[in-house]
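The structure appears below as structure tokens.
For the numbers below, each heavy atom of this structure counts, side chains included, while hydrogens, waters and symmetry mates do not. In this chain, numbering begins with 1 at the start of the sequence shown.
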Amino acid sequence: MTTTEDFRSPLTLAPIRRARERFLADLPLPDGIPDDVVAGWRRARFFGVQRDLTADRDLAAAPASPLLAAASPVLQRLVPVLGDRDHAMVLADERCRVLWWHGRPPVAALRHDLSEREVGHNSAAVALRTGLRAEAHGPEHFLDLWQDVSAVSVPLHSPEGARAVGTVTVVTDLCEGRGSHPGAALAEATAAAVEAELAARWQRPAERLLLDAYLRESVSGQAVVALDGRNRFVNEAAARLLSPEALSHLERRAAALMHGDVALDARRPRGGERPYGLHEPYEAQDRDRAREPCGAREPLDVDMPDSSGQAARLTPVRHGDSVIGIIAVARRTSPSPGLESPGPGCSRPQAGELAALVGSSVAWRHATARAAELARSSSQPLLLTGERGSGKTAVGRAVLVERDGTEPLTVDAAKAPDGRLAALCASLTNHQDSQGGPARSLLLRHAERLGQRDVAALIALLDESPHLPLVITYTPGAPVGPCLERLLDGLSARSVVLPPLRGRPEDIEELAARLAPEPPPGHPPLTWTLDAVRALEQHSWPGNVTELAHLVRAVAEQRRASGPVRRSELPDVVQERPATRRLSAIERAERDAILEALRRHGGNKARAAAALGIGRATLYRKLRGYR
Ligand SMILES: Nc1ncnc2c1ncn2[C@@H]1O[C@H](COP(=O)(O)OP(=O)(O)OP(=O)(O)O)[C@@H](O)[C@H]1O
């Protein structure tokens, strides 16, 4: 037995042949016989395989299978070629059952079931088990029947790429003295062609199905999310309702449902109940439910994270035998003003300081609304985490000014000598500061840079006075010692993660305008061409808003040209277009639906967006994303 990761020259077959005879006679084996070959023989014996099985005279009729249907056009094209060679080809399914075969003499040795339990080890069984190309030559087989044949098998992967759904095997007379099997290239090429057919057949209806279900539900105005394991579509109502954490939670539950795991807190809707969402799973075909695990079949109600006051119903979207996605319809279960989405229509007006910060993306609005709510609800410490430069200090300052009506005292742990901070924090517990004025809140930046002594003192202080008016910013990345870990753990219930800039590209244009320096008197403010904005949106911004601020300042200071800033004026690393992204199946379907709607409405974007049930801005953004 040979896999692509471990090629053995069939030159060495003579010692393997002798070893096999000794194995069958229960004699000790010589050294140097590959372990995997011996293990294969042992498994065959364990399964009780008879070494003298003969060929199946009448191969059973191939079970009807989507694999055979997809492979047939490819295999039929190969038949004339196989007739000219000493090759036979065999197609087997995911249970090693032979679905199709064609070719010269070695096929006289064919069995209809190639599973190890039935015939001992062989290249098809190995390829299926390992997911890799595998070879088996003469005496490596357990069966006497196959002592004079060599075979190479290539696994066929499902369109999602997750599992092997069958194998293509090329069989020849025993080929000793060569490198890899002479049929390896043919088997690989055939497998690739069959996989392409499978993908084409699987994708077209599947992607359409999920998208249709998503659009159908969205029309009702409910908060709808479509998830297929790799992508999420979120309609505007869902974007307003669900925080990024709630979306991630939904994604995890959907993944579990797609794999047939019914989560512990999930419940089937009661009979007759239809408070929201769907009751019937979407299906393309196959209404026979009896054999399926119900977790992957039925709509399920799931609770959202405790504090969100939301629930969602997950409905599987099926295509043939597979669940190809989940439609989640979310709703609010209890009024939860603190977590109310800050989106249009249901937003709590943001007070001045926070609102002055730029950001209308859902991710930014949710994070900042949550920070403001936590700060408002109690004077206990608040932890703001996020990548460097993502705006932690700006948000921390804004929520404190909003709450206290006064500037916080800001201390940077990266600059304060170890040991100083504790005294400063202790003063927060008094009602007066060191100058006798009313105590201010403390904004402590860069907790990751705190010295040991300060961390220990802070923990002790928080144990004693849990209501310390303190906001801490923390940038994950560096290894965390046990003390700091304890401090962060203690604050985790009141922590907010700020999104990185690359996660909210829709905010970049507005940020760039805000971060530009004041133009000299009589000069217009800095503006950007669409192409330059696109380049900014596509950059990954490892330094987040700080990096954007530097860039905007540098461009403003250095440019000699007038008019909007062009892409060519940006630093090379920002100018470069990222390699064209391959759209996923669901993105392609969405793009096609949008293009079709545009065509039907004569290119009128407003009408196309209305027909699709999405906002015009969303339609623009999606079209940009497909470039
Ligand atoms: N939403 C925003 N609107 C306007 N300016 C912002 C916004 N977010 C950040 N900034 C500006 O970007 C710069 C970096 O933000 P800030 O210092 O708050 O980030 P940080 O996450 O605390 O950074 P670090 O990790 O370096 O401590 C600051 O000048 C800040 O004023």
Side-chain angles (χ1 to χ4, degrees), residues 234 236-248 338-376 382-403 443 445 471 473-475 495-517 525-528 532-553 574 615-618 620-622 624-625:
V234 183
E236 288 185 358
R240 281 199 300 273
L241 180 67
L242 299 169
S243 67
E245 292 79 31
L247 276 172
S248 305
L339 293 179
E340 200 160 53
S341 158
C346 63
S347 68
R348 135 205 308 280
Q350 285 190 348
E353 292 297 327
L354 254 188
L357 291 177
V358 174
S360 52
S361 61
V362 172
W364 176 260
R365 283 182 293 140
H366 269 290
T368 51
R370 175 93 178 125
E373 181 58 31
L374 285 172
R376 241 180 261 131
L382 173 64
L383 177 66
L384 296 175
T385 71
E387 292 183 8
R388 68 192 156 99
S390 53
K392 302 179 291 293
T393 309
V395 172
R397 185 197 151 273
V399 296
L400 288 177
V401 171
E402 243 182 68
R403 185 186 70 186
L443 174 57
R445 301 184 64 198
V471 170
T473 78
Y474 169 68
T475 309
S495 69
V496 175
V497 183
L498 292 188
L501 189 53
R502 69 181 159 284
R504 50 187 191 107
E506 57 271 52
D507 291 340
I508 287 181
E509 190 170 0
E510 200 187 337
L511 271 168
R514 171 71 61 84
L515 297 167
L526 199 64
T527 56
W528 308 76
V533 172
R534 203 102 318 126
L536 296 177
E537 287 173 351
Q538 286 171 346
H539 184 54
S540 60
W541 300 110
N544 293 291
V545 187
T546 304
E547 186 187 352
L548 178 64
H550 287 312
L551 181 145
V552 171
R553 210 169 310 125
V574 181
R616 196 146 47 118
T618 308
Y620 279 116
R621 182 165 44 77
K622 285 183 182 295
R624 278 207 303 270

- Query: Closest approach of Ala367 and Val496, non-hydrogen atoms and distance?
  - Reply: O-CG1, 3.4 Å

- Message: Walk me through whether Thr385 and Thr475 qualify under side chain to side chain contact (heavy atoms under 4.5 Å, CB included).
- Response: CA-CA 6 Å; Thr385 71; Thr475 309; over 6 Å; no

- State the NE2-CG distance between His366 and Leu498, to the nearest 0.5 angstrom. 14.0 Å

- Task: Taking the side chain as every heavy atom from C-beta outward, state whether Val471 and Lys392 have any atom pair closer than 4.5 Å.
- Result: no

- If you round to the nearest 0.5 Å, how far is OH of Tyr474 from CG of Leu383? 9.0 Å

- Query: What closest approach, in Å, do Val395 and Ala371 show between heavy atoms, and which atom pair accounts for it?
  - Reply: CG1-CB, 4.1 Å

- Query: Is Leu536 close to Val574 at the side-chain level, that is, under 4.5 Å between some pair of heavy atoms?
  - Reply: yes

- Task: Would you name the heavy atoms of Ala516 and Val552 that are closest together and state the gap between them?
- Result: CA-CG1, 3.4 Å

- Message: Main chain of Ala375, side chain of Arg403: is a donor-acceptor contact present, judged purely on distance under 3.5 Å?
- Response: yes

- Query: Any donor and acceptor pair, going by atom type alone, linking the side chain of Asn544 with main-chain N or O of Leu501 inside 3.5 Å?
  - Reply: yes

- Query: Below 4.0 angstrom, N of the basic side chain to O of the carboxylate: do Glu402 and Arg376 qualify?
  - Reply: yes

- Sequence neighbours left out, what pairs pass salt bridge (charged side-chain N to carboxylate O under 4.0 Å, His left out) with at least one residue falling in residues 498-508? Glu387-Arg502, Arg504-Asp507

- Task: Using a strict cut-off of less than 4.0 Å between a Lys/Arg side-chain nitrogen and an Asp/Glu carboxylate oxygen, indicate whether Arg370 and Glu373 qualify as a salt bridge.
- Result: no

- Is a side-chain N or O of Arg553 found less than 3.5 angstrom from the main chain of Leu548, in a donor-acceptor match? no

- Message: As an exercise, state the distance from CG of Leu242 to CG of Leu247, rounded to the nearest 0.5 Å.
- Response: 5.0 Å

- Note on the structure: For Gly503 and Pro505 the tightest heavy-atom approach is C-CD, 3.5 Å

- Message: Rounded at 0.5 Å granularity, tell me how far CD1 in Ile508 sits from CZ in Arg534.
- Response: 11.0 Å

- Message: What I'd like to find out is whether the side chain of Val358 reaches to under 4.5 Å of the side chain of Trp364, using heavy atoms alone.
- Response: no

- Query: Taking only residues two or more places apart in sequence, or in another chain, which ones meet Thr393 in a side-chain contact (heavy atoms from CB on, under 4.5 Å)?
  - Reply: Leu443, Arg445, Thr473

- Message: When you compare the side chain of Leu551 with that of Trp541, does any pair of heavy atoms fall below 4.5 Å?
- Response: yes

